[in-house]
Amino acid sequence: MSADRRPLLLVLFGSALLVTLVIHLSFLPRYFPEDVFMTGLALVAGWATYTLVFYIVGRLRSEPQELPSMRIADIGIALFLVSLLLGAALDAFGFTPEAILEAYVVPAIGIYVGLALLGWSIGRRTEAINRIVRQ
C-alpha cells in the first residue's frame, strides 16, 4: 500500500469503528422493540459500517502477492443470507425477539461473521488489485 494512503485509511477505520459502536450501543437500544422501522434502519447502517471496518482491516493487514480468490466473500455472503433467513424463519414461527431474544443469538453471530468475511475479502482483493496496478 502506498504510504500516503495509509493515514487516510486509518482515519476512515477509526471513524467507521466509532460510528459502528455508536449505532450499536446507542441507537439500537433506543429503538429496538418499539420502533421496527428505525431499528431496521439502524441495523442496516450498523451493518454497513461494520463491514467497512473489516474492509479497511483487509486493506491494511494483507499483502497478497497474487489476486486472491473471492471464495471467502462467497462464504460470507452465504452465511449472512442463511442467518438472515434463519432469523426470519424464527419470527415466522412465532419466536419473536420480544418473546425469546436468546433464539436470535446464533443468527446474529452468523450475520456479523458473514459481514466480516465479506468486508475483509473485498479489502484484501482491493489491496491486491492496487498492488498489481502499481507494478
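Distance check, rounded to the nearest 0.5 Å: CG of L12 to CG of L17 gives 11.0 Å. Rounding to the nearest 0.5 Å places OH of Y55 at 8.5 Å from CD of E127. Of the inter-residue distances, the one linking L117 atom CG with D74 atom CG reads 11.0 Å to the nearest 0.5 angstrom. Taking OG from S121 and CD1 from I75, the interatomic distance works out to 9.0 Å, rounded to the nearest 0.5 Å. The CZ atom of F32 lies 5.5 Å from the CG atom of L101; values are rounded to the nearest 0.5 Å.
No continuous path of hydrophobic side-chain contacts links V11 to V53 [ILVMFWY only; heavy atoms under 4.5 Å]. Under a hydrophobic-cluster definition in which Ile, Leu, Val, Met, Phe, Trp and Tyr are linked whenever side-chain heavy atoms come within less than 4.5 Å, directly or via other members, L43 and I77 are assigned to the same cluster. Clustering ILVMFWY residues whenever any of their side-chain heavy atoms sit less than 4.5 angstrom apart, transitively, puts L81 in the very cluster that holds F54. Under the 4.5 Å side-chain heavy-atom criterion for Ile, Leu, Val, Met, Phe, Trp and Tyr, I23 and M38 are members of the same hydrophobic cluster. Residues L18 and Y50 do not share a hydrophobic cluster, clusters being chains of Ile/Leu/Val/Met/Phe/Trp/Tyr side chains in contact below 4.5 Å.
Nearest approach of L9 to I56, heavy atoms of both residues: O-CG2, 3.5 Å. Across all their heavy atoms, L79 and S83 have their closest contact at O-OG, 2.8 Å. The two residues W47 and H24 make their nearest non-hydrogen contact at N-CE1, 4.4 Å. Counting all heavy atoms, side chain and backbone alike, W120 lies closest to I72 at CZ3-CD1, 3.5 Å. Smallest separation of non-hydrogen atoms from L52 and A16: CD2-CB, 3.9 Å.
Side-chain contact between L118 and F80 is absent, with no heavy-atom pair separated by less than 4.5 Å. Using a 4.5 Å heavy-atom cutoff, the side chains of E63 and R131 are in contact. Side-chain atoms of P97 and D91, non-hydrogen and from C-beta on, do get closer than 4.5 Å to each other. Counting heavy atoms from C-beta outward, N130 and R59 have side chains that approach closer than 4.5 Å.
The backbone N or O of Y31 sits less than 3.5 Å from a side-chain atom of T39, completing a donor-acceptor pair. Remark: side-chain polar atoms of S62 are not paired, donor with acceptor, to backbone N or O of P64 under 3.5 angstrom. In this structure, R124 contributes its side chain and P68 its backbone to no donor-acceptor pair below 3.5 Å.
For R30, the CZ atom counts as densely surrounded, since its 6.0 Å shell holds more than 12 non-hydrogen atoms of other residues, nucleotides or ligands.
Applying the 4.5 Å side-chain rule to ILVMFWY residues, one finds L90, F93, F95, Y104 in the same cluster as I100.
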side-chain contact (heavy atoms from CB on, under 4.5 Å) evaluation trace for I122 with M70:
CA-CA 8 Å; I122 293 173; M70 291 299 287; 4.0 Å; yes

